[in-house]
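In what follows, residues are counted from 1 in the order of the sequence shown.
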Amino acid sequence: MTDIRQALIVGPYRAKNFGDDLVGAIFAKHLQRLGYGVSIPRLSEANSAWLGTRYAEDYDGLFETADLVVVGGGGIMSDTSGAKPGASYLQIVSDAAESGALGDTPVVVSSVGAGPWLRERSRNLARTVSERASAVGVREQESYDHLRGLGVAEDKLVLGADVALLTPEYLDFAASPSRKLGLQFDVSAFEDVQGNPELPAIVETLGKYARKRRKDVILVRNGRARSEIAPAAPGAELLSYTTLQDFLPRLAGMRALFTSHLHLAITSYSQRIPTYSLYVREKTRRFYEQIGRPERALDLKTATVNDLQRFLAAAETAEWTDSDEATLQRLRGESRRLVDLLR
């Protein structure tokens with residue numbers, strides 16, 4: 001009997017963040033279809049059980065036994081994607097290569113955003129891991145350009161779209177229709193947006209909006225904590241991320257979404273749900289430009305109360321259009337390029 005090939009997925013799974021877990025899940029399902037056994041260290045036990053992947057607290061022994069190492073997705077090739085700059089997940093791969101644990105095992109980086117970088121260490125890690133990889137799949141043009149500027153070979157780079165757009169094709173769940181408006185705005189940890197003089201008024205205005213419409217909104221959080229809007233809107237329905245199995249059906253049942261974060265927007269879009277963003281990271285702007293809706297996203301560092309009110313009013317009546325559908329289908333084709341790098 002032939003031994004089952006083993007794939008190791010390396011990424012920011014200890015953060016228990018919805019977007020990161022979702023991309024890892026899609027990688028896992030694709031690899032399982034190819035006959036791999038899959039390990040995603042630090043992915044929760046509940047998510048691992050739902051996906052049928054091997055649960056592991058750490059990477060001990062997994063590089064040595066892997067037939068394929070997948071790095072991604074998300075902003076792992078940048079140090080400006082989260083609330084705090086850093087690139088520690090690339091360090092895991094770099095250390096494995098330096099220690100010899102990685103050996104000659106093939107490495108593929110996929111569905112990542114890259115650059116800009118604040119730290120030279122982050123830039124060097126992105127370059128080192130890209131050099132070790134056989135292919136680097138990026139989710140939009142700016143990431144491609146950043147890595148080319150870093151010296152990554154053109155024949156190694158593959159331009160596609162975020163694999164989260166393939167959520168309905170890889171993950172088995174049914175939408176739980178609420179037809180409510182989703183509101184996610186958890187920005188207190190992002191120091192660089194705090195300088196916007198209108199931010200306190202934006203937060204207050206959104207809280208008043210949620211309180212007034214508490215029966216018609218869901219207050220969403222892409223992690224385990226409670227929504228930062230919740231204290232202003234007692235009685236509103238809450239949805240915090242704990243597991244993909246529980247979170248995805250409720251997210252898919254909303255009629256529209258206002259969010260500050262990227263993967264909530266991407267996943268909602270994959271479910272044909274209109275989205276609007278006052279964003280905390282410019283990677284979100286890239287996505288809205290990619291889907292042909294740049295007018296639906298503004299940088300929170302310069303946004304105003306009027307911008308918020310305009311977006312909320314638009315979200316109340318937004319509908320999915322034929323143009324949206326055509327763009328979604330085109331981008332899903334580009335997303336498939338990035339999952340197909342995993343073989």
Q.
As a quick check of understanding, evaluate side chain to side chain contact (heavy atoms under 4.5 Å, CB included) for Y209 and L308, giving each step before the final call.
A. CA-CA 10 Å; Y209 179 92; L308 169 69; over 6 Å; no
Within the structure provided, determine whether [X] and [Y] are in side-chain contact (heavy-atom separation under 4.5 Å).
X: L312; Y: Y276; answer: no
X: V10; Y: V69; answer: yes
X: R54; Y: V38; answer: no
X: L147; Y: R127; answer: no
X: K156; Y: V136; answer: yes
X: I218; Y: S178; answer: yes
X: F311; Y: L278; answer: yes

Q: Could you walk me through whether R250 and E237 pass the salt bridge (Lys or Arg N to Asp or Glu O under 4.0 Å) test, one step at a time?
A: CA-CA 11 Å; R250 292 178 64 190; E237 183 177 351; 2.7 Å; yes
For [X] and [Y], does a side-chain donor sit closer than 3.5 Å to a side-chain acceptor?
X: D21; Y: Y241; answer: yes
X: T327; Y: D324; answer: no
X: S260; Y: Q184; answer: yes
X: T302; Y: D299; answer: no

May I ask you to decide if [Y]'s main-chain N or O and [X]'s side chain share a donor-acceptor pair within less than 3.5 Å?
X: S335; Y: L165; value: no
X: Q32; Y: L51; value: yes
X: S99; Y: A96; value: yes

Under 4.0 Å between a side-chain nitrogen and a carboxylate oxygen: does that hold for [X] and [Y]?
X: R5; Y: D67; value: no
X: R221; Y: D186; value: yes
X: E120; Y: R123; value: yes
X: R213; Y: E316; value: yes
X: R14; Y: E57; value: no
X: E169; Y: R336; value: yes
X: D162; Y: R332; value: no
X: R337; Y: D340; value: no
X: K283; Y: E140; value: no

Q: Please work out which of the three classes, parallel, tilted or perpendicular, describes the rings of F287 and Y269, given edges at 30° and 60°.
A: perpendicular
**Q.** side chain to side chain contact (heavy atoms under 4.5 Å, CB included) between V163 and F27, intermediate numbers included
**A.** CA-CA 8 Å; V163 301; F27 285 162; 4.0 Å; yes
Do other residues, nucleotides or ligands put more than 12 heavy atoms under 6.0 Å from [X] [atom1]?
X: R285; atom1: CZ; value: yes
X: D58; atom1: CG; value: yes
X: E98; atom1: CD; value: no

Q: Answer with yes or no whether the hydrophobic clustering places L34 together with L8; edges join I, L, V, M, F, W, Y residues whose side-chain heavy atoms lie under 4.5 Å apart.
A: no
**Q.** Shared hydrophobic cluster, L264 / V187 (ILVMFWY, side-chain heavy atoms < 4.5 Å)
**A.**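 No.
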Q | Trace of the side chain to side chain contact (heavy atoms under 4.5 Å, CB included) decision for F18 with L244 | A | CA-CA 7 Å; F18 166 66; L244 293 168; 3.9 Å; yes
Q: Evaluate the side chain to side chain contact (heavy atoms under 4.5 Å, CB included) criterion for residues F258 and L206: first the C-alpha distance (whole Å), next the side-chain angles of each, then the deciding distance (0.1 Å), finally the verdict.
A: CA-CA 10 Å; F258 169 80; L206 183 57; 4.0 Å; yes
Q.
For the residue pair R293 and Y288, would you count it as a cation-pi contact if the rule is NZ or CZ under 6.0 angstrom from the ring centre and within 45 degrees of the ring axis?
A.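 So R293 doesn't make the cation-pi contact.
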Q | E289 vs R286, salt bridge (Lys or Arg N to Asp or Glu O under 4.0 Å): CA-CA, chis, key distance, verdict | A | CA-CA 5 Å; E289 291 177 353; R286 301 181 194 179; over 6 Å; no
Q: Show the numbers, then the answer: is there a salt bridge (Lys or Arg N to Asp or Glu O under 4.0 Å) between E325 and R272?
A: CA-CA 8 Å; E325 184 64 28; R272 299 176 173 84; 2.7 Å; yes
